[in-house]
**Student:** 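The following block contains the structure, expressed as structure tokens.
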Amino acid sequence: MMRKTMLLAASLLAATPALAAPPPPKPTTVTVNMGDRKFRPQVIRLKGGQLYRLRLVNPDRTEHDFYAPAFFGAAKLFPADAGALQKSRLNVPGHSSRTIRLIPRRGHYDLKSSKALDVASGMQGQILVY
């Protein structure tokens, strides 16, 4: 009798579909245009702890960069994407785009170009993570 009960329980467990782990959350894409020596939007608003794809688009013919050392230092970067950063900046060649995945930490961060002429022309902004 005990053996039949155990066999019945085992067959029921085998027939029950296994609970699959939930799929990882899809990242929210935030696009920043880097044309005409401006960041658009100039203020980037994100939610702390949420997964993002930060897509930087450079329509100009010259290279621009996205320099935010405190932001990148506080954010969780995916190992495959962390290698794209060079001294806390992401370089974007002319007529191209770059994407990086990250999970930001709450805070208020400054954003600018690392090139003095670009900053003087207005290529600066803020990243607000709430």
Side-chain angles (χ1 to χ4, degrees):
M1 173 86 152
M2 178 74 133
R3 183 174 164 107
K4 285 185 179 179
T5 305
M6 289 179 71
L7 286 173
L8 178 61
S11 65
L12 287 174
L13 285 174
T16 305
L19 295 176
K26 295 207 182 227
T28 300
T29 300
V30 173
T31 300
V32 178
N33 187 302
M34 305 169 75
D36 298 326
R37 292 195 171 129
K38 301 269 189 246
F39 291 115
R40 289 182 189 88
Q42 196 167 15
V43 177
I44 301 165
R45 291 178 173 84
L46 306 172
K47 291 182 181 178
Q50 201 170 24
L51 178 60
Y52 286 93
R53 283 180 68 231
L54 183 61
R55 182 172 178 262
L56 306 174
V57 179
N58 179 4
D60 293 343
R61 62 182 173 90
T62 58
E63 179 179 87
H64 291 305
D65 64 16
F66 188 96
Y67 181 63
F71 173 71
F72 286 128
K76 178 182 175 188
L77 302 171
F78 286 75
D81 296 328
L85 290 176
Q86 297 174 358
K87 297 183 181 177
S88 298
R89 74 175 170 258
L90 193 59
N91 294 318
V92 184
H95 301 293
S96 66
S97 66
R98 293 199 81 173
T99 300
I100 188 169
R101 291 173 300 157
L102 53 83
I103 299 173
R105 179 179 283 165
R106 290 181 182 172
H108 174 181
Y109 306 97
D110 291 325
L111 161 66
K112 63 180 182 176
S113 170
S114 66
K115 299 171 184 153
L117 182 59
D118 286 346
V119 173
S121 299
M123 198 165 201
Q124 51 191 327
Q126 298 176 340
I127 305 169
L128 305 178
V129 184
Y130 55 95

**Student:** Begin from the C-alpha positions of Tyr130 and Lys47 and carry the test side-chain contact (heavy atoms from CB on, under 4.5 Å) through to its verdict.
**Tutor:** CA-CA 5 Å; Tyr130 55 95; Lys47 291 182 181 178; 3.8 Å; yes
**Student:** Using atom types as modelled and distance alone, determine if a side-chain donor or acceptor of Asp65 lies under 3.5 Å from a backbone N or O of Ser114.
**Tutor:**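 A pair under 3.5 Å: yes.
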**Student:** Counting only N and O atoms by type, is there a donor-acceptor contact under 3.5 Å from the side chain of Asn33 to the main-chain atoms of Arg40?
**Tutor:**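 No, Asn33 side chain to Arg40 backbone: no donor-acceptor pair under 3.5 Å.
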**Student:** Give, for atom NZ of Lys38 and atom CG of Asp118, the distance between the pair rounded to the nearest 0.5 Å.
**Tutor:** 10.0 Å
**Student:** Check the hydrophobic clustering (I, L, V, M, F, W, Y; side-chain heavy atoms under 4.5 Å; chains of links allowed) and say if Val57 and Leu85 are grouped together.
**Tutor:**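 They do not share one cluster, since no chain of ILVMFWY contacts under 4.5 Å joins Val57 to Leu85.
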**Student:** OG/Ser96 to CG/Leu56 distance, rounded to the nearest 0.5 angstrom?
**Tutor:** 10.0 Å
**Student:** For Arg105, does the CZ atom sit with more than 12 other heavy atoms under 6.0 Å from it, leaving out its own atoms?
**Tutor:** no
**Student:** Using side-chain contact (heavy atoms from CB on, under 4.5 Å), reason through Ser113 and His64 one step at a time and then give a plain yes or no.
**Tutor:** CA-CA 7 Å; Ser113 170; His64 291 305; 5.7 Å; no
**Student:** Is it possible for you to say whether Ile103 and Tyr109 belong to one hydrophobic cluster, with membership spreading through side-chain heavy-atom contacts below 4.5 Å?
**Tutor:** no
**Student:** Quick one: pull up CZ in Arg53 and OG1 in Thr28 and give me the separation to the nearest 0.5 Å.
**Tutor:** 10.5 Å
**Student:** Phe66 and side chain to side chain contact (heavy atoms under 4.5 Å, CB included): which single residue from Asn91, Leu54, Asn58, Val92 fits?
**Tutor:** Leu54
**Student:** CG/Leu117 to CZ/Arg37 distance, rounded to the nearest 0.5 angstrom?
**Tutor:**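 Leu117 CG to Arg37 CZ: 4.0 Å, rounded to 0.5 Å.
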**Student:** With a 4.5 Å limit on heavy-atom distance, are the side chains of Lys115 and Glu63 in contact?
**Tutor:**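 In contact.
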**Student:** Nearest heavy-atom pair of Ala75 and Pro104: which atoms, and what distance?
**Tutor:** CB-CA, 4.0 Å
**Student:** Do you know the tightest heavy-atom contact between Pro93 and Arg98?
**Tutor:**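 So the minimum-distance heavy-atom pair works out to CD-CD, 4.4 Å.
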**Student:** What about Leu90 and Ile127, same hydrophobic cluster or not, with Ile/Leu/Val/Met/Phe/Trp/Tyr joined at side-chain heavy-atom distances under 4.5 Å?
**Tutor:** yes
**Student:** Are any side-chain N or O atoms of His95 and backbone N or O atoms of Pro59, one a donor and one an acceptor, separated by less than 3.5 Å?
**Tutor:** yes
**Student:** Measuring from atom CG of Leu51 to atom OG1 of Thr29, what distance do you get when rounded to the nearest 0.5 angstrom?
**Tutor:** 9.0 Å
**Student:** Examine Tyr67 and Leu77 and state if one hydrophobic cluster contains both, with Ile, Leu, Val, Met, Phe, Trp and Tyr joined whenever side-chain heavy atoms are less than 4.5 Å apart.
**Tutor:** no
**Student:** What is the distance from atom CD1 of Ile100 to atom OH of Tyr52, rounded to the nearest 0.5 Å?
**Tutor:** 15.0 Å
**Student:** Could you walk me through whether Met34 and Phe39 pass the side-chain contact (heavy atoms from CB on, under 4.5 Å) test, one step at a time?
**Tutor:** CA-CA 5 Å; Met34 305 169 75; Phe39 291 115; 3.9 Å; yes
**Student:** Would you please test Phe71 and Leu46 for side-chain contact (heavy atoms from CB on, under 4.5 Å) and show each step?
**Tutor:** CA-CA 11 Å; Phe71 173 71; Leu46 306 172; 4.0 Å; yes
**Student:** Do the side chains of Leu128 and Val43 get nearer than 4.5 Å, heavy atoms only?
**Tutor:** yes
